[in-house]
Amino acid sequence: DTGCAMLHTIEKLEFYDGGQTKILTDNGGMYIGIDKDAKITNYSDGKQIKDTDLFVGQKIFAWYNGVEESYPAQTSTYRLVLVDEGQTADILLNGKAIATKAVLKNGVWTVPMRETAETLGLEVSWNADERIATMKNSARIMDIKIGEDLYLSYASEQSGMIGMTAPIKLGCKAYISEDKTWIPAKVFEIFVGFDVTQNNNTIEIKKAS
């Protein structure tokens, strides 16, 4: 029933002049055009998303009224809901892949804090009473409280510098899952000294050049 939401996986995204976007799905068998006024939201929290934030491999619910019989089939959607919970992506740290996958949470890519930080050369500690995870190097320190979406870093005493970054919300609280602390990948940019790239189901974090 094409009047109901249909589940698809994005296989390719095409962006055209004038703001038109098309999604290729169904093993190359269908193009779904996104109407100019289409509403795009996350399933988990209802947060509105732009079409330019979509990525290959993402699962979506799409509403459309009819399908043009061609190959690939053609239709257009006026409503998209992203099934964001549980999607995973590869993690590259300074060009090296790690075994653990990044997880999409509330539309935000999250990574395992200790494994990621230590692979990047940072020290990690855990305060069980305060539920605060800390990562640091010779220049900077960041305290991350479980259940809070507020991230900032500050200069370490041994660096001889003072000051801190502005507190930033990234749309996802730090959380614990499977005995691991998970944080948004973008936290490493706030820590300072790292670049984070997110595309095509790969999250890459590397030392800033």
Side-chain angles (χ1 to χ4, degrees), residues 1-92 100-112 147-151 168-178 182-190 196-205:
D1 183 352
T2 55
C4 298
M6 307 297 286
L7 181 64
H8 299 280
T9 300
I10 298 175
E11 296 163 5
K12 185 179 180 182
L13 283 162
E14 297 180 3
F15 300 96
Y16 296 91
D17 292 340
Q20 184 182 17
T21 302
K22 282 189 175 182
I23 297 169
L24 182 64
T25 186
D26 293 2
N27 294 316
M30 177 181 284
Y31 268 117
I32 302 174
I34 300 177
D35 290 347
K36 182 179 179 180
D37 298 323
K39 186 177 181 181
I40 309 173
T41 58
N42 283 330
Y43 175 79
S44 59
D45 61 3
K47 184 171 67 175
Q48 193 134 350
I49 299 295
K50 298 178 181 178
D51 57 353
T52 51
D53 293 326
L54 299 173
F55 57 85
V56 172
Q58 200 162 31
K59 293 184 182 300
I60 56 171
F61 281 112
W63 280 258
Y64 40 84
N65 292 319
V67 178
E68 180 182 333
E69 294 184 1
S70 59
Y71 192 84
Q74 306 275 339
T75 190
S76 61
T77 182
Y78 53 88
R79 180 81 170 92
L80 283 178
V81 172
L82 313 186
V83 187
D84 54 356
E85 292 298 315
Q87 291 193 67
T88 62
D90 293 331
I91 301 174
L92 286 179
T100 307
K101 301 279 189 178
V103 176
L104 198 62
K105 185 81 169 177
N106 296 336
V108 176
W109 283 113
T110 63
V111 296
E148 286 191 357
D149 176 20
L150 196 64
Y151 306 95
I168 295 176
K169 291 187 175 183
L170 293 174
C172 183
K173 299 175 182 179
Y175 66 97
I176 294 176
S177 177
E178 299 180 353
W182 294 79
I183 57 175
K186 287 289 186 178
V187 162
F188 288 90
E189 287 187 341
I190 298 171
V196 179
T197 304
Q198 304 174 145
N199 54 38
N200 293 332
N201 281 355
T202 299
I203 311 305
E204 184 174 6
I205 306 172

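Here the options are Cys172, Ser177, Pro184, the test is side-chain contact (heavy atoms from CB on, under 4.5 Å), and the partner is Lys105; only Cys172 passes.
With sequence neighbours excluded, the residues satisfying side-chain contact (heavy atoms from CB on, under 4.5 Å) with Thr75 are Met30, Ile32, Tyr64, Val67. Shown here are the side-chain contact (heavy atoms from CB on, under 4.5 Å) partners of Leu150, two or more places apart in sequence or in another chain: Pro167, Lys169. When the side chain to side chain donor-acceptor pair (under 3.5 Å) test is applied to Tyr16, the partners found at least two apart in sequence or on another chain are Glu14. Applying the salt bridge (charged side-chain N to carboxylate O under 4.0 Å, His left out) rule to Glu189 yields the partners Lys186; only residues at least two apart in sequence or on another chain are considered. For Lys101, the side chain to side chain donor-acceptor pair (under 3.5 Å) criterion is met by Asp90, not counting sequence neighbours. Scored by the side chain to side chain donor-acceptor pair (under 3.5 Å) test, Thr9 finds Lys59 as partners (sequence neighbours excluded). With sequence neighbours left out, Lys36 forms a side-chain contact (heavy atoms from CB on, under 4.5 Å) with no residue at all. Taking Ala89 as the reference, Ala102, Trp109, Asn201, Ile203 meet the side-chain contact (heavy atoms from CB on, under 4.5 Å) condition, with sequence neighbours excluded. Applying the side chain to side chain donor-acceptor pair (under 3.5 Å) rule to Asp26 yields the partners His8; only residues at least two apart in sequence or on another chain are considered.
Judged purely by atom type and a 3.5 angstrom limit, Gln20 has no side-chain atom pairing as donor or acceptor with the backbone of Gly33.
Using cut-offs of 30° and 60° on the angle between ring planes, the pair Phe61 and Tyr43 is tilted.
Applying the 6.0 Å contact sphere to CD of Gln48 captures more than 12 heavy atoms from other residues, nucleotides or ligands.
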